[in-house]
Amino acid sequence: MTVLNSTFKDIQGPLTALYRGGRDASTFGPHFEMRGSTMENVGNGSRNTLGVSLWLHGVQDTDIVDNDIRESAPFRIDHTVGDPQTDISDNRFADSPAPILAEITSGLPPTMRLTNNEGLQ
């Protein structure tokens with residue numbers, strides 16, 4: 001899934017809930033990229049049971065780079081099997097919490113790269 005140079009405003013639920021289940025580490029994908037986009041007031045609806053603006057579970061390659069995130073619920077990124085790679089960098093956050101990062105199966109600290117982001121709470 002690729003989101004480039006897009007604007008999302010006043011979306012009550014998550015922008016996307018991308019789920020890769022199972023435990024077969026030989027499966028490739030999915031891949032998620034969001035670049036050059038704006039999210040404003042996303043994921044804050046009372047019916048949003050996930051409580052997030054973006055949920056990526058089991059995604060193998062994630063790049064969230066050079067975006068503006070304003071007044072939105074946090075991202076949640078869950079690493080599961082395989083060798084997932086996640087880069088969250090060069091984004092601008094305003095009145096939005098830091099992403100929630102979890103290593104679901106390894107039990108180790110998150111291996112995601114969270115670099116050069118402005119305004120994280």
Minimal heavy-atom distance between P30 and G58, with the atoms involved, is CD-O, 4.1 Å
Practice prompt. Please check if the side chain of N48 supplies one atom and the backbone of S46 the other of a donor-acceptor pair under 3.5 Å.
Written response: no
Worked check of side-chain contact (heavy atoms from CB on, under 4.5 Å) between E33 and L4:
CA-CA 8 Å; E33 176 183 15; L4 297 175; 4.1 Å; yes
- Among the clusters formed by ILVMFWY side chains lying less than 4.5 Å apart, do F75 and V42 turn up in the same one? yes
Between the CD atom in Q12 and the CZ atom in R47, the distance rounded to the nearest 0.5 Å is 8.0 Å
key: S53 side chain near I11 side chain, heavy-atom distance below 4.5 Å   = no
Check your understanding: Any side-chain heavy atom of E103 within less than 4.5 Å of one from T111?
Key -> yes
ILVMFWY network linking M34 to M1, side-chain heavy atoms under 4.5 angstrom
yes
Separation between CD1 (I69) and OG1 (T38), nearest 0.5 Å, reads 7.5 Å
- Query: In terms of hydrophobic clustering (I, L, V, M, F, W, Y; side-chain heavy atoms under 4.5 Å; direct or indirect links), are W55 and L15 co-clustered?
  - Reply: no
For P97 and S72, the nearest pair of non-hydrogen atoms, with its separation, is CD-O, 3.3 Å
Result for salt bridge (charged side-chain N to carboxylate O under 4.0 Å, His left out) between D68 and one of R92, R35, K9 points to R92
Output for pair (D63 CG, R113 CZ), nearest 0.5 Å, gives 7.5 Å
- Query: Which is it for L18 and R20 under the side-chain contact (heavy atoms from CB on, under 4.5 Å) test, yes or no, and what are the steps along the way?
  - Reply: CA-CA 7 Å; L18 184 56; R20 173 190 182 250; over 6 Å; no
Smallest heavy-atom separation, L54 atom then F32 atom, equals CD1-CZ, 3.7 Å
Give a yes or no on whether F8 and I64 share a hydrophobic cluster (residues Ile, Leu, Val, Met, Phe, Trp, Tyr; joining criterion: side-chain heavy atoms under 4.5 Å apart). yes
Go through L101 and T86 one step at a time and tell me if the side-chain contact (heavy atoms from CB on, under 4.5 Å) criterion holds. CA-CA 10 Å; L101 312 172; T86 296; 5.5 Å; no
- Item | Candidate pair D87 and T115, rule side-chain contact (heavy atoms from CB on, under 4.5 Å), full reasoning | CA-CA 8 Å; D87 179 24; T115 57; 4.3 Å; yes
dist D78:CG -> T105:OG1 (nearest 0.5 Å) comes out at 10.5 Å
Scanning both residues in full, the closest heavy-atom pair of A102 with R76 reads CB-NH2, 3.9 Å
Requested in this report: State yes or no: do V65 and L56 share one hydrophobic cluster built from I, L, V, M, F, W and Y residues joined by side-chain heavy-atom distances below 4.5 Å, directly or via other members?
Outcome: no
CG of N67 to CG of N117, rounded to nearest 0.5 Å, is 9.5 Å
So CG of L120 and CZ of F93: to nearest 0.5 Å the spacing works out to 5.0 Å
